[in-house]
Amino acid sequence: MLEISEDGRTWILSGPTSSYALHVTEHQELVHLHWGARIALADAEALAVRPLPEYWPFESPLDGREEYPVEGGPRFTRPALSVRTDERRGTEWTFERYEADGDELRIRFRDAGLTVTLHYRIRGDVVERWVTLENQGPVIEVLRADSATWTLPHRDGWRLSQLHGRWAAESRLVRSDLTYGEKVIGSRRGHTGHQHLPWVALDSDATEESGEVYGCALGWSGSWRIAVAQLPDARVQITGGAGHDDSGLLRLAAGESFTTPVFAGLWSDGGFGGASRAWHAYQRAYVIPDAGRDRPVLFNSWEATEFDISEEQQRALAQRAAEMGVELFVVDDGWFGARTSDRAGLGDWTPNPDRFPGGLKPLADHVHGLGMQFGIWVEPEMVNPDSELYRAHPDWVQYQPGRKRTEFRNQLVLNLAREDVQEYLWEQLDGLLSSAPIDYVKWDFNRCFTDAGWPGDPYPQRLWVDHVHALYALFDRLRAAHPGVAFESCSGGGGRIDLGVLSRTDQVWTSDNTDPLDRLAIQEGFSQIHPARVMAAWVTDSPNVMLNGRISSLRFRFVSAMAGVLGVGGDLTKWTAEELAEARDWVSLYKEIRPLVQRGDLYRLRPPRGGLSAVQYVLGDEAVVLAWLQAQSYGEPVPALRLRGLDPTASYECRETGEVYRGAVLLHHGLRTGLRGDLDAAVIRLRRI
Ligand code: DGJ
């Protein structure tokens, strides 16, 4: 809901539990009034006339109060907007007007030829913010155009939560006290990156299930930056947007415009768990395409075969996968061009004639005949120098003239800002999807930008932004032309996970780390912001040959992967008949609990920190608990799990044992899991009776 004061200078957006209020002063300052518990318009108006605290001459009364600090004037904080023309630098705007459109508010300011429009939209308790720049004057260079600056209320001390990582160790949660100065996270790599998810949360005294939590998440799949600043008077502001520094984002000629990505903010007083559930509900309702449809159980061939693939071998895997109850069979890397290793073939998106003499259609038909959907792997933004594409178009890659072209994994990045490259990729991918009945595309991205040059272009810096826009446009065009095809965002595991890519893909590859124990921590971090509905998780072989040699039971591997979108990625031709039969039972159990996992409310009951950990999903009258015991020490009894989200006055029947429990007992005294020893795991289903 959006309410506006009579004078049209104070606005308040309210969700079910929260409000966000702002005001434009007579001095053309757009000041922040409130973000937190729900308040009334009259409260916002009272805040708008509240006198400012005294400030010293070395501080600015604007710092820490503005909705979108621009460069220039009496400001010392990080500017969200930094622009220049040949004559002038900075911005001195005047308020033009506002536009209200349902739950969306647009506030327009003008500085000579530049119009700056700040957009606000409330969806549930999530406030979406973004900015549009339109130029009608001389050419403007945009050095920085963040999506938003968020201002937190005064509290005695703030704690910062972030999700950090690296390849095979993504999205791990870390919390630390915020101190004076700035904490900056981001990516200078051209993609979202494994190192940080574009999300932060701030709290002062929250627990998993209580207390205020402020969260901000950016919807951008290229380089980005989020700066969390504790100012000299202890105020906290969070500024974020596309691009990693202020050295130039793009140039706007007369008649051109730029729209920043969305930076979404959420206030919750339900602790970290409440905040996560609100983020999940928001993404399922407004971000993820077709989120009401559950994702199928998939098989992916990568860990089973790597590059050594053939049609016959894929048919054998498909046969076993189908018998196990798998619903989607995905052929990973190695099916195209001269791709028999990572040295060649990227860029040539036609089936390798030695491996697939009849193209992909015979295999796709076979897979469909087995009752499964058929998917393939692609990495369209890349090229191997050893490829037909590169031999024909060596200038289609990002490169700096006169410098070496840096290779990672023997590949270069195509310059997607070029229209000829965009058209080539469209033709290749559209042709591919039309050539065989393909239901699913795993879209990978396996190296960062390093030589982001564009010889001959008057403003090559723009390729950082234009690459992402071209990627999004390609997804949009492919989805429109092939509406039945689902897409997975992968980037060497979890290197491209953000609200931007999630608005165009159906699920993400969480991490190349498929070790079921490591995964618990990765999944815990992932769940802070994103729902299980998009979190792909595979059961692979034991010992885990890719990473650590760890041996774990099929039970432990399955229960770990069942916390997300279940997949299987082991070499099924080597699994015993007993293992295949056990796997079939787990897949069938997953299908039963899938609506709860993929659409239910998630409660993190205990974090994965060595002993017992567990998550619980609740949907309607049903709940399911997934519990893992890493190690039992000293023969200590394993603690009971206090459940959440149940009706204390109701009774619940355990589907595994038939036992009946009172809701209040489960909530206050807990559920005994029966887990023992090392690497044990259980799935416990409860139904209200
Ligand atoms: C990286 C991905 O994360 C893997 O799952 C696999 O698809 C390989 N790329 C293939 O090259």
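Numbering of ligands and ligand atoms starts at 1, following listing order.
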Identify the closest protein heavy atom to [atom]: which residue and atom is it, and at what distance?
atom                   : result
atom 2 (C) of ligand 1 : Asp444 OD2, 3.2 Å
atom 6 (C) of ligand 1 : Asp332 OD1, 3.3 Å
atom 4 (C) of ligand 1 : Asp512 OD1, 3.4 Å

Ring-plane angle category for [X] and [Y], please: parallel below 30°, perpendicular beyond 60°, tilted otherwise.
X      : Y      : answer
Trp220 : Tyr472 : perpendicular
His467 : Phe445 : perpendicular
Trp302 : Phe307 : perpendicular
Phe449 : Trp464 : tilted
Trp377 : Trp349 : tilted

Heavy-atom check, side chain of Tyr390 versus side chain of Asn384, under 4.5 Å: no
Is the closest basic N to carboxylate O distance between [X] and [Y] below 4.0 Å?
X      : Y      : value
Arg295 : Glu327 : no
Lys442 : Asp332 : yes
Asp506 : Arg479 : yes

Any Lys442 heavy atom less than 4.0 Å to ligand 1: yes
Glu488 near ligand 1 by a heavy-atom separation under 4.0 Å: no
Quick check: [X] and ligand 1, any N/O pair under 3.5 Å apart?
X      : answer
Arg409 : yes
Gly493 : yes
Asp333 : yes
Arg339 : no

Ligand 1 versus Asp342: contacting region, heavy-atom distance under 4.0 Å: neither
Proximity of Glu379 to ligand 1 by residue part, where a heavy atom lies under 4.0 Å: neither
Which of the ligand 1 atoms, numbered from 1, are nearer than 4.0 Å to a heavy atom of Cys490: 2 (C), 3 (O)
Under 4.0 Å to a heavy atom of Trp509 - the qualifying atoms of ligand 1, by number: 3 (O), 5 (O)
